[in-house]
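Structure first, commentary second.
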Protein chains: 2
Amino acid sequence: MNNLARVTQDSWRYLFSPASVAVIGASNTPGSWGNNAMKGLLHTGERRIYPVNPNSAEVLGRKAYRSVVDIPDPVDLAVIVVAEKLVPDVLRECVSKGVKAAVIITSGFGETGEPGRKLEAELAEIARLGGIRIIGPNSMGHADTRTQLSTFGQAGEMPRGPVAVLAQSGNMCLKIVRNLAESGVAFSKYISTGNEADLRMEDYLEYLAKDDDTKIIAAYIEGLRDGRRFFQLAKEITVRKPIVVVKTGGTQESARAVMSHTGALAGTDAVYTAAFKQSGVIRVEDDDELCDVVYALLNSPLPRSNRVGILSIGGGPAAMTTEACEKEGLAIGTLDPSTVSKLDKYLPSRWPRRNPVDMAGPSAAEFSVIADLLWALIEDKNLDFIFLLAPIVMDRALLASRMGLSPEAIKAYREKEEKNMMLIREKVEKYEKPVVMMWQWRSSSSDPDMASLFRKAKVLVCTNTRRAARVLRYLVWYRQYLDAATGK
Amino acid sequence: MNNLARVTQDSWRYLFSPASVAVIGASNTPGSWGNNAMKGLLHTGERRIYPVNPNSAEVLGRKAYRSVVDIPDPVDLAVIVVAEKLVPDVLRECVSKGVKAAVIITSGFGETGEPGRKLEAELAEIARLGGIRIIGPNSMGHADTRTQLSTFGQAGEMPRGPVAVLAQSGNMCLKIVRNLAESGVAFSKYISTGNEADLRMEDYLEYLAKDDDTKIIAAYIEGLRDGRRFFQLAKEITVRKPIVVVKTGGTQESARAVMSHTGALAGTDAVYTAAFKQSGVIRVEDDDELCDVVYALLNSPLPRSNRVGILSIGGGPAAMTTEACEKEGLAIGTLDPSTVSKLDKYLPSRWPRRNPVDMAGPSAAEFSVIADLLWALIEDKNLDFIFLLAPIVMDRALLASRMGLSPEAIKAYREKEEKNMMLIREKVEKYEKPVVMMWQWRSSSSDPDMASLFRKAKVLVCTNTRRAARVLRYLVWYRQYLDAATGK
């Protein structure tokens, strides 16, 4: 892969672990880009930060410089937020100062038509000749949790984690990061790649392939500048690290929207679809699916095939789930006769002896019984994963309100539940069969205490069946791709 | 419609406003059906409640009777939870006692095969000859908020509201009710219809048509016993009251699951689809969509056609939304030239002068600017509804954390926002154009304070674009059905 590298490790080091950063266009005006970027840099990590603003003596309490060239110390990274017409000159000053890398937040370039395209080409040329590498223009920033660097303007400690996000939209980047963070996912790096005048999606991908902090790569793509290289790299990477992608611009008006957003050519959707498939990239429909799949990759084994077992507290949810699974291309597994015999011991004689398994009422709604039924399904060789529509843990609100338990009793109950859930984890891991818990109520699913319990147990959670079925279908596809690619 | 009525108003009165209720199979065992039903009845409304249990002297502090015939006072309604084999005799006793109506919670009838079907037919015959009307068997209960009657076993005051829910699954009934309640929706009645040995979906529908408390009917259907009558009724009702339906059993295995759940024949899906369409019934894919559509019918005007206008804080979300809308069959409206001129006043010169309208950054992210842009789109005759991807209200968490506002300042800010939002409501209602707010973060959407603000403003909220696009498509379809049906 090294032969392809367009970017040196030194350049990446200046981008992700700069010893000093200049914010060109730093401002005291709250809400402005130049103010946000300063705040973010001052509040994350520890490095030298230099505001540049010819009209202020100081910004946020730091001495401000008229130009980057006036800064007395070396500058590794520049964050540029000045008006678009000024960017080429500012970038030239960076070159003469010896700045190694720049993040250009300013927009108004290739995405706006011919004059903007020319201006953007000028930036690329300055960078090439000057040996400075650029993120953007029209980027919203980049972040590295190992070095606690963020040019996004967020403040505060960033937890380290295994997921990298690359996005040709700053808003989508932050949306994905924040929604995953709400599910307890943490990140290695995330980058709003902008118009990619210099550094492109393909360069970042190549870097992340070798980045030990990154175990999963998630990307929002509008159009690839060098598709051939992307897919070549992806094919090498996906056998070791999953790549999950949402690619927009596949319809007429969205392709136009993409062009006026980052100046990218969306390309023919069918070509992208085929290339993603061939290179083992999990392509999903939208950022919600992207978050679901990334979460599942982190918190569940990959199922061998698409045969679902359904264990339900009642017939209605069982029927709805069955239909949703069939509509999404999953197979309703046929129970092995030995499983039917096992289940006979626990279920009333009227149970239909087939999948979906309808427990027919809450008489069996205790952990011990649900668990025994669940073990039987997990162990069935005809099933690859299980949808669980039964209260294997108690709704927290119900524990307090309906059952009237004291805080101590609730604590004891939770500890028992936690132990029980670890039993599920053992089975899930041993048999490599995901278990998906379908919440009856939307509100339960937003309880962080419950979410953490399920995460520990390696049980996926979901409120919408079709959405869950789609996630499983992606996981099955990826497992089968891996098995074929690695000759299993 | 009166000619068709199979059920007298008296029978409905006994079912929904009984002066006295016997719980046959009442129990002191927590978690049992007989215990839940008693608790629910004791905690909702005020009426005479008689537990029947030959093995207990009292249940939940009330004197228990050996048989319903031993109760000294008249009994209007019986809730039956005894084992299935005992139900026919219990029902005969109810007839001899003069009980007018019964809810049979017990399952194990038509859904289990031939012996169960015979037992169920026996119940229907006893009811017919004895003049007693039955909900169920295999029902989970029924509830009327006007009379504060619930046989579901929930406790507590039930707020009154305009939505009725009919469901051939108790679990789905409660799921729909609870999820809608979480969005602030309240109910007139909700009924788990069970196996419909006597009273059927069609009877309930006929009743709700004339029920002044009910403005919208939502139904979960597995199979209709009398489809012809259902669609005849529906056609008369939908021009006045919307009917929203989720119908399962449309795939091979789900049809089987339905049969072993309530003994219903799912029928051919294409036939159902055509019949729903012809009778103006809004048929949705699952219960989540059902909740979304019911919510939208209550909280938004119906759009005239399918041309969407998109106002976005950034290009990425704009492109994603555009694609999702196109994929779901909505049209991306062409901005009227007068709208482009209006928007020119507020947007940077580089804006692409087309729909989707990309505000290109947070410099315009203030209510006044967003509002002016929004008014321009609402007033555009080429657009039928607006997707708003911009922070027209401030995320509550941000107000406190990032902006560091005091509780008093937050209160003042909210009051200003509330006023602003009422301006939106005016426009939405005047132009009959729904506005859908798409949340950037999942967590914001679960803030009840925000939800209530948007509800007041008649602004719909959503986190997933495709889901929102589908809801709008249903609304457009219904509006166009109504216009055609009423000759507009």
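Numbers restart at 1 for each chain; the letters A, B, ... are given by sequence-line order, proteins then strands. FYI, side chains are in, hydrogens and waters are out, and symmetry mates aren't considered; it's all heavy atoms of this structure.
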For residues [X] and [Y], determine if any side-chain heavy atom of one lies less than 4.5 Å from a side-chain heavy atom of the other.
X	Y	result
B:Ile332	A:Gln252	no
B:Pro317	A:Met172	yes
B:Thr465	A:Asp286	no

Checklist line | Residues in salt bridge (Lys or Arg N to Asp or Glu O under 4.0 Å) contact with B:Glu253, at least two apart in sequence or another chain | finding: A:Arg354, B:Arg256
Note to self: According to salt bridge (Lys or Arg N to Asp or Glu O under 4.0 Å), who are the partners of B:Glu328, at least two apart in sequence or on a separate chain?
What the structure shows: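 Scan of B:Glu328 (salt bridge (Lys or Arg N to Asp or Glu O under 4.0 Å), adjacent residues dropped) gives B:Arg466, B:Arg470, B:Arg473.
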Next item on the list: Find the one option among A:Cys325, A:Ser169, A:Ala324, A:Gly116 whose heavy-atom pairs under 4.5 Å with chain B are most numerous.
Entry: A:Ser169
Next item on the list: Of all the heavy-atom pairs spanning A:Asp288 and B:Thr463, show the shortest one and how long it is.
Entry: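 Scanning both residues, the minimum pair turns out to be OD2-O, 3.9 Å.
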Margin query: Looking at chain A, which one of B:Ala319, B:Pro115, B:Ala318 has the largest number of heavy-atom pairs inside 4.5 Å, strictly under?
Written below: B:Ala319
Check: Can you tell me how far CG of A:Asn464 sits from CG of B:Asn464, rounded to the nearest 0.5 angstrom?
Finding: 9.0 Å
Next item on the list: Nearest 0.5 Å please: distance from the CG atom of A:Asp287 over to the CE atom of B:Met320.
Entry: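 So the gap between those two atoms works out to 5.0 Å.
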Note to self: Quick check against the 3.5 Å criterion: does A:Glu323 have a side-chain atom that pairs as donor or acceptor with the backbone of B:Ser254?
What the structure shows: no
Next item on the list: Could you tell me which portion of B:Glu285 (side chain, backbone, both or neither) has an atom closer than 4.5 angstrom to a non-hydrogen atom of chain A?
Entry: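 Looking at B:Glu285, backbone and side chain both touch chain A.
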